[in-house]
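Below: the structure, in structure tokens.
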Amino acid sequence: MILTVTLNPAVDHTLTVDDFPEADRVARANAARVDPGGKGINVSKYLAELETETVATGVVGDFLGRFVRDRLSAGEIEGDFVEIDGRTRLNTTILTDDAEFKINHDGPRVSADAIDELLETIERNAPDTVVVGGSLPPGLGPDAIDRIARASDWETVVDVGGSILEALEASYALCKPNREELATATGRPVNSLEDCYDAVETLRRMGYDRVIASLGADGAIMSTPEERIHAGALETEVVDTVGAGDSLLAGVLAALDGGATDREALRTGVAVASRVVSVPGTDIPPLDELAGTTDRVAVSASADRSR
Ligand SMILES: Nc1ncnc2c1ncn2[C@@H]1O[C@H](COP(=O)(O)OP(=O)(O)O)[C@@H](O)[C@H]1O
Ligand SMILES: O=P(O)(O)OC[C@H]1O[C@](O)(COP(=O)(O)O)[C@@H](O)[C@@H]1O
């Protein structure tokens, strides 16, 4: 079972406008949606759609926290959250025909005591894998994630910002930075695919057994103890990339959970992400009958890291 931890959940508010707002003028949204979000919660949403056993945990508070609980429950996604005094945040994405703009709130202050309660929650659910995803709220530092990774013998996977990746000290089974997060975590250039491979090797040496770097329209690369792999992105009509990285990670984890090889898992992740970027917000597109999509993902791999 794959349990996700979102230390800073979000309610994702997605607005579609014809023209991006101008100062001192009212912009009209012709579409709006509200989704329970935050990286770990999104991973659980996609895992559930991929019929992989999952429990979403984290800290939630006030009416937006109740919205997260209620919408996950309505979607039959098991949740086991710690209640805090603060209010779960609202993150806003504005979509125009050719661009997206995102404003993420810092979130409520969370005390280290909440981590004690969260560790009890995680232990009670007895997961095989724990995924910690997203930003840290005010009051928590990277040591909170290290505490979770060291608390028991579950495998820990992280999808967190670059500065957090750099600061973590425990050992991790896998991390999933995007291009910007990879650059921040390693201080290395990430312009070419070779640059990204070199940066990913640097990250592996920092305590991550496997590293997946998601590269937007350039697909994703994965470095394992055995090889390095590239999976090309699929040509797709992109509506909204929010949730893209979470869905890539969910596809990889679901495939690995089903016994797939690393190469097949990366292909599955890219296939899932190609469907997710085709829908607004973190709406869940149909993720069944993936085989046809996965087969279209081009993969190359090499055991030779010198090239
Ligand atoms: N423009 C795009 N065209 C096709 N696929 C995309 C595009 N942007 C993202 N994806 C898919 O989503 C995955 C994750 O996207 P990315 O933007 O790297 O993640 P994040 O949301 O973490 O920044 C990519 O590896 C790719 O498979
Ligand atoms: O686009 P990604 O990286 O897959 O993650 C999307 C999710 O991350 C968020 O942008 C939150 O990210 P942060 O926790 O880094 O602020 C949510 O609003 C959204 O649900």
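Reckoned from all heavy atoms, side chains included, excluding hydrogens, waters and symmetry mates. For ligands, and for the atoms within them, numbers begin at 1 and follow the listed sequence.
- In this structure, S171 contributes its side chain and G207 its backbone to no donor-acceptor pair below 3.5 Å.
- Atoms of ligand 2 found under 4.0 Å from any heavy atom of S135, numbered from 1 in the order shown, are 13 (P), 14 (O), 15 (O), 16 (O).
- Residues L215 and I221 form a side-chain contact, since some pair of their non-hydrogen atoms from C-beta on lies under 4.5 Å apart.
- Separation of atoms CZ (R210) and CG (L174) is listed at 8.0 Å; rounding is to 0.5 Å.
- With atom 23 (O) of ligand 1 as the reference point, the heavy atom nearest to it among L234, V238, N178 is part of N178.
- Considering both main-chain and side-chain atoms, G245 comes within under 3.5 Å of ligand 2 through a nitrogen or oxygen pair.
- Neither the backbone nor the side chain of D35 comes within 4.0 Å of ligand 2, counting heavy atoms alone.
- Between G38 and ligand 2, at least one pair of N/O atoms sits closer than 3.5 Å.
- Atoms of ligand 2 lying under 4.0 Å from any heavy atom of G134, numbered from 1 in the order shown and given with element: 14 (O).
- Note on Y46: it does not cluster hydrophobically with L266, by side-chain heavy-atom contacts below 4.5 Å among ILVMFWY residues.
- Among S274, S247, G245, P177, the residue whose heavy atom lies nearest to atom 20 (P) of ligand 1 is G245.
- The residue from H105, R89, H13 that puts a heavy atom closest to atom 11 (C) of ligand 2 is R89.
- Counting only non-hydrogen atoms, the option in A213, G133, A233, A231 that gets closest to atom 5 (N) of ligand 1 is A233.
- Counting only distance, with no hydrogens or angles, the side chain of T224 and the backbone of E226 share a donor-acceptor pair below 3.5 Å.
- Between the side chain of T268 and the backbone N or O of E264 there is at least one donor-acceptor pair closer than 3.5 Å.
- Atom numbering of ligand 1 starts at 1 in the shown order; those under 4.0 Å from a heavy atom of G219 are 24 (C), 25 (O).
- Contacts with ligand 2 closer than 4.0 Å are made by heavy atoms of both the backbone and the side chain of V242.
- In this structure the side chain of D240 never reaches within 4.5 angstrom of the side chain of V279, judged on heavy atoms.
- Which of S214, A217, G243 comes nearest to atom 16 (P) of ligand 1 through a heavy atom is settled by distance: it is S214.
- Between N8 and ligand 2, no pair of N/O atoms sits closer than 3.5 Å.
- Using a 4.0 Å cut-off between charged nitrogen and carboxylate oxygen, D116 and R147 count as a salt-bridge pair.
- When the options G216, A273, A271 are ranked by their closest heavy atom to atom 24 (C) of ligand 1, first place goes to G216.
- Two residues are said to be in side-chain contact when any heavy atoms from C-beta on lie closer than 4.5 Å; T54 and T4 meet this criterion.
- Each of the following atoms of ligand 2 lies closer than 4.0 Å to a heavy atom of G37: 20 (O).
- Of all protein heavy atoms, the one lying nearest to atom 15 (O) of ligand 1 is A244 CB, 3.5 Å.
- In terms of modelled atom types and a separation under 3.5 Å, the side chain of K45 and the main chain of G37 share no donor-acceptor contact.
- Inclusion of G243 in the set of residues having an N or O under 3.5 Å from an N or O of ligand 2 is warranted.
- Nearest protein heavy-atom neighbour of atom 17 (C) of ligand 2: D12 OD1, 3.5 Å.
- V272 pairs with exactly one of L290, T293, L249, V277 by the side chain to side chain contact (heavy atoms under 4.5 Å, CB included) rule, that one being L290.
- Annotation: atom 7 (C) of ligand 2 to nearest protein heavy atom, N42 ND2, 3.5 Å.
- In terms of protein heavy-atom proximity, atom 3 (O) of ligand 2 is nearest to K39 NZ, 3.0 Å.
- Protein heavy atom in closest approach to atom 6 (C) of ligand 2: D246 OD2, 3.4 Å.
- Each of the following atoms of ligand 1 lies closer than 4.0 Å to a heavy atom of L215: 18 (O).
- Annotation: side chain of E181 is in contact with side chain of D159 (closest heavy-atom distance under 4.5 Å).
- For the atom pair OG of S300 and CG of L193, the computed distance is 7.5 Å after rounding to the nearest 0.5 Å.
- The closest approach between any non-hydrogen atom of K176 and ligand 1 is below 4.0 Å.
- Close approach of ligand 2 to A244 is summarised as follows: ligand atoms under 4.0 Å from at least one heavy atom of the residue are 4 (O).
- Using a 4.0 Å cut-off between charged nitrogen and carboxylate oxygen, E194 and R228 count as a salt-bridge pair.
- Annotation: side chain of L72 is in contact with side chain of I41 (closest heavy-atom distance under 4.5 Å).
- Each of the following atoms of ligand 1 lies closer than 4.0 Å to a heavy atom of T236: 4 (C).
- Of all the atoms in ligand 2, the ones that sit under 4.0 Å from a non-hydrogen atom of N91 are 11 (C), 17 (C), 18 (O).
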